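So the structure is just underneath, and the comments pick up after that.
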Amino acid sequence: MPRKKYKKLPRSFYNRPTLDVAEDILGKYIVYHSPLGKLSARIVEVEAYIGQEDSACHAARGKTKRNAVMFGKPGVVYIYFVYGMYHCLNFVTEEEGKPAAVLLRAAEPSEGMEIMRQLSPGKKDMELLSGPGKFCRSFGLTREQNGLDLTGSVIYLEERSFKVKNIKRTSRIGINTAKKNPWRFYDSDSKVVSK
DNA sequence: TGAATGATGCGCT
DNA sequence: GCGCATCATTCAT
C-alpha cells in the first residue's frame, strides 16, 4: 500500500487556458496502469495546440473523426498516429466545444522501467521517453487508448512533491506553419528534452 | 557531429 | 497523391 497519497489532478486543472495548463503540467507525474503493469514518469517537455488560433493544430480546420476528442470535455486523452509508425499523446484542455490540447513530448521514467525497456529494446533509461514517439512506444500507448478519461483510474496525472526550478519557452518542434507561436515549454534542468 | 533521408500508414485536398 | 505534432540510420564534412 502506498505510504503517501498523491493528489490526482481533477478535471478543473485541464479546464483552463491551454498555455497555463501546459506550463503547469511540467513536473507533474503521468501514471498509466497498463496491461503489463504500472508505469509512471515525470513530465519535462510539452507543447500547446490551440485550435481556434493555431493553424498547426489538427483541429484548426474543423471537427473530423480523428480530432473529435479535442472538441470534447477537458481532461481526456487524445492520441493520434503519424509518419506511419509513431503515436503522440495529448491532454485535452479548455471547455467543451473549444478544441485545444497539450502534447506530451518528453518525460523521465519513474516506475515500471522494466516494462518500458521491454517495449523499447536497446534503449538507455533516459532515452526511453525522450520524444513524443518514443514516449508512446515505451508506455505502450496507441489509438486504442484514444479518448480515455484522465479523471478515471487507468491513466491520470499526479501532483507529487517535485518542483520545477527553471522553465523555458520556445517555438515548437516539427512545425512548419505558425512557427511564431512560442508554445513549447520544458524543464531546462532535465537531460531528456529534445535538442 | 551535423544534415539528409528512408521507413511507413493514414487523413485530407 | 501529398504531407505529416517522428525516429534511426546513413552520408558528408
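Note that this is a predicted model, so its numbers are computed, not measured. Worth knowing before you read on, the calculation uses all heavy atoms, side chains too, and leaves out hydrogens, waters and symmetry mates.
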Considering every strand shown, what is the Watson-Crick or G-U wobble mate of dC7(C) when both distances are under 3.5 Å? dG6(B)
Taking Arg105(A) first and then Glu47(A), would you say they form a salt bridge - that is, a charged N and a carboxylate O separated by under 4.0 Å? yes
Criterion side-chain contact (heavy atoms from CB on, under 4.5 Å) against Ile43(A), the qualifying member of Val164(A), Asp187(A), Leu157(A): Leu157(A)
How long is the line joining CZ of Arg137(A) and P of dT8(B), in whole Å? 14 Å
From dA5(C), dA8(C), dT8(B), pick the nucleotide closest to the side chain of Met85(A)? dT8(B)
Tyr14(A): which of Val92(A), Asp24(A), Leu150(A) passes side-chain contact (heavy atoms from CB on, under 4.5 Å): Leu150(A)
Tested for side-chain contact (heavy atoms from CB on, under 4.5 Å) against Tyr78(A), the lone hit among Leu103(A), Val102(A), Asn67(A), Leu89(A) is Asn67(A)
Value in whole Å for how far the C1' atom of dC4(C) lies from NZ of Lys179(A): 13 Å
Which part of the nucleic acid, if any, lies within reach of Ile175(A) when heavy atoms closer than 4.0 Å are counted: base, sugar-phosphate only, or nothing? sugar-phosphate
Can you tell me the pairing partner of dT13(C) across any strand shown, Watson-Crick or G-U wobble, with both distances under 3.5 angstrom? none
Do the non-hydrogen side-chain atoms of Glu45(A) and Leu104(A) ever get within less than 4.5 Å of each other? no
Side-chain N or O of Lys123(A) versus OP1/OP2 of dA8(C): is the shortest distance under 4.0 Å? yes
When Ile, Leu, Val, Met, Phe, Trp and Tyr are grouped by side-chain heavy atoms lying under 4.5 Å apart, directly or through other members, which residues fall in the same group as Val193(A)? Val44(A), Met126(A), Tyr186(A), Val192(A)
Could you give the OH-to-P distance, from Tyr86(A) to dG9(B), as a whole number of Å? 13 Å
Is any side-chain nitrogen or oxygen of Tyr83(A) closer than 4.0 Å to OP1 or OP2 of dT6(C)? yes
Rounded to the nearest Å, what distance is computed from the CD atom of residue Glu45(A) to the P atom of nucleotide dA5(C)? 16 Å
So if I take residues 46-61 of chain A and measure heavy-atom distances to DNA chain C, which residues fall below 4.0 Å? Tyr49(A), Ala56(A), His58(A)
Categorize Arg184(A) for me: base, sugar-phosphate, or nothing, with a 4.0 angstrom heavy-atom threshold over every strand shown. nothing
Residues, nucleotides or ligands: over 12 heavy atoms within 6.0 Å of Arg169(A) CZ: yes
Nearest whole Å is fine: how far is dG3(C) C1' from Phe81(A) CZ? 15 Å
With a non-hydrogen cut-off below 4.0 angstrom, is Gly133(A) in contact with a base, only sugar-phosphate, or nothing? sugar-phosphate
Taking CZ from Phe135(A) and C1' from dA5(C), how many angstroms apart are they, rounded to a whole number? 15 Å
Strictly below 4.0 Å, heavy-atom distances to any atom of DNA chain B: list the hits from residues 62-80 of chain A, or just say none. Thr64(A)
Using OP1 and OP2 only, check whether a side-chain N or O of Asn176(A) sits under 4.0 Å from dC4(C). yes
How are the rings of His87(A) and Phe81(A) set to each other: parallel, tilted or perpendicular (split at 30° and 60°)? tilted
Do any N or O atoms from the side chain of Lys63(A) and from the backbone of Ala59(A) form a donor-acceptor pair under 3.5 angstrom? no
Does a side-chain N-to-carboxylate-O contact under 4.0 Å join Arg172(A) and Asp54(A)? yes
Nearest whole angstrom, please: distance from the P of dG9(B) to the CZ of Arg143(A). 11 Å
Lys134(A) side chain, from C-beta outward: closest of dA8(C), dT8(B), dC10(B): dA8(C)
Phosphate oxygens OP1/OP2 of dT6(C): is one of them under 4.0 Å from a side-chain N or O of Arg172(A)? no
If I take atom NZ in residue Lys195(A) and atom C1' in nucleotide dA8(C), what distance separates them, rounded to the nearest angstrom? 11 Å
